[in-house]
Each structure stands twice: as structure tokens, then as C-alpha cells.
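Accompanying notes for the structure given below.
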Amino acid sequence: MASRTRKAVRTSLISLLWTWLALVLPIPLFLWSVSMSASSALLQQRLQMHVEFIRKAHDLVESTTRIDSLLVLCLTDPERGGVIDLGAMRQNLQVGIDQLLAQRIQHPEDQIVTTENLRRIEQQLSQIVDDIGHFVAETDADRRFARAEDIRGRTLELAGGMFGWVRQAESQVKEFSDRLNTQLRSQAVGVLVASVMALLVVLLMYSYRLSVLAQRRAEFERDRFFEASLDMQFIADFDGRFRHLNRSWQRVLGRPIKELLAAPYIYLVHPEDRAATQAEAQRMQFGADMVSFENRCATISGEYRWMLWTATPDIERRLIYGTVRDITDRKLDQLELKESAARLARSNRELEDFASVASHDLQEPLRKVMTFGERIATRAGDALDEQSRDYLERMRNAAERMKTLIIGLLTLSRVTTRGNPFERVALGTVVREVLGDLEVRIEQSGATVEVGDLPEIEADALQMRQLFQNLIGNALKFHRPEQAPRVRISAEVITPDPLSQAQRVRILVEDDGIGFDEKYIERIFGVFQRLHGRNVYEGTGVGLAVCRKIVERHDGTITASSPHAAGARFEVVLPVRRRSEIGSDISVGGDQTTVTGESPEELP
Amino acid sequence: MTPDKPLILFAEDDPDDRMLLEEACAEDPTDYDVHFVEDGEKLLDALHGARPVRRPRLVVLDLNMPRVDGREALTEIRTQPHLATLPVVVFTTSNSPADIVRCYELGASSFIIKPSSFQDLVATIRAISHYWLRVVEPLPGDSKA
């Protein structure tokens, strides 16, 4: 946890630094380039001032009339001031400037000027000259520079006389200005290029940094998946060792990850499963995936847990990537399921044994009781007194009942033990056959039986027959005294669950008989449950119990109702198909009779 | 026992049933000899000639008997070439569909559930004897009346 926080802090610091570099580094570069161009503008301005100064000097030379043979120019620093008009100065000072200048030029130190004014001028001039010191020029009558010297007395080369000098100065200034401009421009371009380059480099590095971050994030997320998985994730090498394990390993096996990484993994595996495990690992080295391999691995307490392995090899890197799931609980469930299936099979076997016992061993003594009872009645009936004959009759009746019970139980047990495989059964045919079997009873009772269209379903044909036999038989049996029963059998295909689309057929068997009190609704489906005296309505007492068992075996439901005890209405819902299959096109044909919620009195 | 009379061989372990069968046969107008054995082993002995019983025209076989039961005896009978055509009527209390199917598979000629009324028993025995001794012609190898 702490190392993750540290990592996160480091990551955010690094990204902060990069953001800073990306934003801050180009700024001084940019400012530098701006200041360079600004200073270049300043230099330009200064050069312009020089040019102006020279022009002014030229204009002065042009305009002056007071100087005839000698013009003295003292070109001051243009930045500090303009041109000093020495001609005007001479006039003001009333001094022979020629003389003064000649003295100064020829003997600047030796010549002593006696007058106060001259000294002052001398001082001023020398001050000026010292400060600025340019040159002194001599013009001829045509105002051409005849001679020019700098303040140190060096002769200056003057081409083309006075104007030539100005032009030269101008051209020199221009040339210098151009050079300076070029230099400055190239410098500015250089700076610009450098700053652009710097920006590019920074951007490049930043984008690299971003991709590194994205990769880090992907790795982090992958690691999180790896770590957060409830399954045990692993990376193993081809030499039989784990390289990387997530925390689930520790959770499931209770062993520290370090310990698991230290030893070959085969030591974890149950000795009986090692050979199979190594065979799997071997197969993977040749590129085969490991799919749903099961073995047992030891926890720290020495208990073995069932593991389900799925893995895929990387042959180039000689690594195996995989997932392991603890399926111990599932295994135990399976085991339990197996056991309960075995228990069920055992109980079915016992039921079958019972059925066989009931069908033979129980019936044999009973048959004897009945036969010998009959023999006594036949041979000695007349010799017995009335009470003895009554006892004998009761005994024989009881034996008959016992036989009925045994047959009932057998019938019931055979629904489960003697069920046939499911096939396509036309319920209409089944009902027709049942009505054929019941023909005598129908005729005797004068019953009216109305049968609607019935669909074809997948079912046990014999049991369907048994079901209808019992239901229709009941409807005929429990009729009102002195009233011919009316029975109606109908069906409709329904789709109770729109999601599954599994079709079911709802079958209704309705009569207008005596019905039953709905508070006994559960009892009528019970074994040997009777609502009526044996002497009134005969029967085994298992008919409806058999019906329910058949319906349940067919994954259906059976319910009964008797609104106001006027007739009984049995509703059986069965799946059309054995397994839930979508797209069944079974339907009840044209002139079907659909009975929904009608009271039995309304039956035809 | 008269040698020229047809013989019905009953394999029946239950003394009550033996008594009832004897009484029922006594009421049967068809003329035949009756011989009883108590289990399948004795039945096979009788059929193999180990005991001096002449070849029966019909064997009436109970299913649940000690030692060799009816199913085993039937199996054994049908594997013997000289007994392959011998009519064997299974006569039992069992009404289990499994038993019925099994017995026919093993080669039973008929499967009859023992009735629980003496009158029915008499009628059944009459029908059996009439059919197998009068209606059905004995196959070569079976003794003739």
C-alpha cells in the first residue's frame, strides 16, 4: 500500500516537472528573442542619429559664409548633442579661430594664450575635443576639404572632397547599418530557430513522457487487474517455477508469495496429481494451451484444495501465463450431488424392490386368503351360521380392499420406476382411446363428453393415457345422483413466460358433478385420500395421486377447483416440448374450444 | 399315471397353490396327468430325464421358487435343443410389467397371472389345458396324446 502511494507521488512529481519544463523553458527564449530585436531597433535608431548628424554637418558647411578658408568641425558624440558650430563660436568669442585652431593643431601644448578668454576657449575646446575628439578639416575656396586630421593629428584620407566625405560617411554608416542589420537578423533568426527547436525538443520529450505515462498507466491497470483478481493469476517459466503471482495465491493457499516463488511449483501439487501436472506443463512447452486442468494443491496447513487451471504459453519468452481457480467448494458440491444422485438411485431401487415385493410377495398370501375364503364360502357356506357367514364376508371384503391398496401403491410407484421415454404424443388420439376404454361407463351413465382440439406434445404416451383415464374416469364417476354427467375436455397452447418463449399446453377437464369442498383441495391429490365413503364411490384412492405424479414427472402442474362445489375443474399445464426449445409452432387447430373461467353450470 | 395320457408338469413351490391347482385340475374335464415339482432344479431334472418322468406336453412354471427360480429354469429349458419347442406357461402372482416382458423374452409361451378366486382358477386351468392339449398340435419330438 505504502509503496503504491510513494510510486503515485513520484509519478505526479515527475509529470509536474515536465509540465513546468514544457511551459517555462520557451518563455525566456522568447523574451530573449524579443529583447534582441528591441536592441537592434535601438542600434538602428542610433545609426540614424549618426546619419542625421553628418547631414547636419554637411548642411552647416554648406550654409556657413563666415568661414572662408578653414572650417572646423567638431563632431560631438551625436548621442550627446548636435554639431558645434565653431564659426559661430569664434564670432562670439571674437577670437581668430584660425589662429587658435592652427595653434592647437600645430602646438596644442606649447602655445600659451595670454588672454583670459582664449584660455577659457582653449579649455572648453580641449574639453570638447577630449570628450569627443573627432577631426579637424580644412576646406579650400570651393569648400572642399583640403585636409583633415583627427584630434591626434593623424591625416585622414578624404575621397572626393567634402561631399565625398559625407557620402563616404553615409555609405560607411549604411554599410555598417546593413551589416549590423544582417547580423542582428541572423542573430534573431538564430534565436527564433533555437527557441523553436527548444520548444520542439520540449514537446518531443513531453510527448515521450506522455507515452511513458500512458504505458505506466496501462501497466498499472494491468497490475491492478492482476492483483485484484479473485482468481489466482500467475506467470511461470518453462523450468517449473512461478515468476509472478498475485495476492490471491496467499489468500487461498495461506503461503507467502515469496515462499511460493522460491520453490518449484510442483511441490505444491498433490503427489497423485504431479505426473498429470508435469505432463500438462510439458505439453505447454510445445505450444498447447492448458484448458480446465484440475489438480490439488496444498495449503500451508497441509490441506489440499482443488484447483482449476487455464493457461497459455509464450514459447519465445519461455513463459506461461495463467489463471487458477479454487474449485474445492464446487467439487464438494459435485461430490454431494453425486452422492445424492446415488441416494436417489438407491431409493428408486428400493422403490422398485418394493414394487416387486408388492407385486408378488405381498399379493401371494392375500390371494390365498381370498381364494380359501371363497372355498370356505362355496363349500361350507350353508353349514355356517349367519354371523359366521357375515365374518367370512367381512374378511373377504377386507382382503379385496387390501388388494386394491396394493395395486394402487404399485400403480403409483410405477409412475416413477416404470416411466417410458418421452415421445411425440397426440393428446387427441390419447383421449379418443381413453373414451373408447370408458365406452361402457359412458353408455351406462348416459354421459355427454365434449372434446376440443388437443395438441401434440412430447410426453410418455402411456402415462398420458393413464392421466386422462383417471381424470375422465373421475369426472364420470362423481356425477350427481340421477343426473347424466357432462364432461368437457379442452386445451390451449400458452406461453406463460414471454422471455423463455417455452410453450405449454393447458388442459381442462371439467364436469358438472358433485364437485368437492375446496378446503380439501390438497387432500384430493394425496395417496389413499378419499372425500367420499368407499361404499358410495369406489376406487383405489390413488387416482389423483397418480395424476399428480405423472404431471410432475412431465415438469408440469395440476390444480383442481370446484366453484361452489358445483362440478370439478382440473387444470393440467404441461410443457409442449421436453426441453425448453424456442420457436415451437405447435398450436391448437381451428374449431378449438377454449374454456377460461367458465362456471361448470354453463357447460353444454 | 398312464403313459398314453398327456402330462402337464407343474413347477410350484407353494403347497397351498399345489393343493389349489390339484383341486382345479380335478374339476377340469380334459383328461391328462398332472405332476408337481417343488422348484426349478427338480423341474430341470425331470425334463433331462434324471428322474423318470415322461416328456410333458406342457410345463406350467411358477416364477418365484427356491434354488433355481422360474426365470432361470426357463432360460435353461430354452437353451436345450430338445426342449426348445416345449410349451412353457408362466403362472405367477406377479403382475409386474417387467416380469411379463422378461419372461416372453426368455421364451415363455404364455404369461398368466394367478387369479385370486378359485372359480377363476378353475376356468384358467381349463382354458390352458384345452388350448395346449387340444388346440395346439404337438410338435415333432413332443409326446402325443
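Just so we're on the same page: letters track the sequence lines, and every chain starts at 1.
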Inset, instruction - Tell me yes or no: between the side chains of B/T93 and A/Q363, is some donor less than 3.5 Å from an acceptor? - result: no
Legend entry - chain B neighbours within residues 391-400 of chain A, where any heavy atom lies under 4.5 Å away: none
Legend entry - Interface residue of largest heavy-atom contact number with chain B, from A/V369, A/T371, A/L366, under 4.5 Å: A/T371
Legend entry - Residues A/I507, A/L427; criterion side-chain contact (heavy atoms from CB on, under 4.5 Å); working and verdict: CA-CA 10 Å; A/I507 302 156; A/L427 294 181; 3.8 Å; yes
Inset, instruction - Only counting residues at least two apart or in another chain, list the ones meeting side-chain hydrogen bond (donor to acceptor under 3.5 Å, both in side chains) with B/N64. - result: A/H360, B/R71
Legend entry - Under the side-chain hydrogen bond (donor to acceptor under 3.5 Å, both in side chains) test, residues paired with B/E38 that sit two or more places apart: B/K42
Using residues 119-127 of chain B as the side-chain source, report each donor-acceptor pair under 3.5 Å to any protein atom, sequence neighbours left out, with the distance given to one decimal.
from	atom 1	to	atom 2	distance (Å)
B/T124	OG1	B/D120	O	2.6
B/R126	NH2	B/E27	O	3.2

Inset, instruction - Go through B/L63, B/T92, B/D16, B/I113 and name the one with the most non-hydrogen pairs under 4.5 angstrom from chain A. - result: B/D16
Inset, instruction - Name the orientation class of the two ring planes belonging to B/F10 and B/F36 (parallel below 30°, tilted from 30 to 60°, perpendicular beyond 60°). - result: parallel
Inset, instruction - Mind telling me whether A/F525 and A/F570 have parallel, tilted or perpendicular rings, with 30° and 60° as the class edges? - result: perpendicular
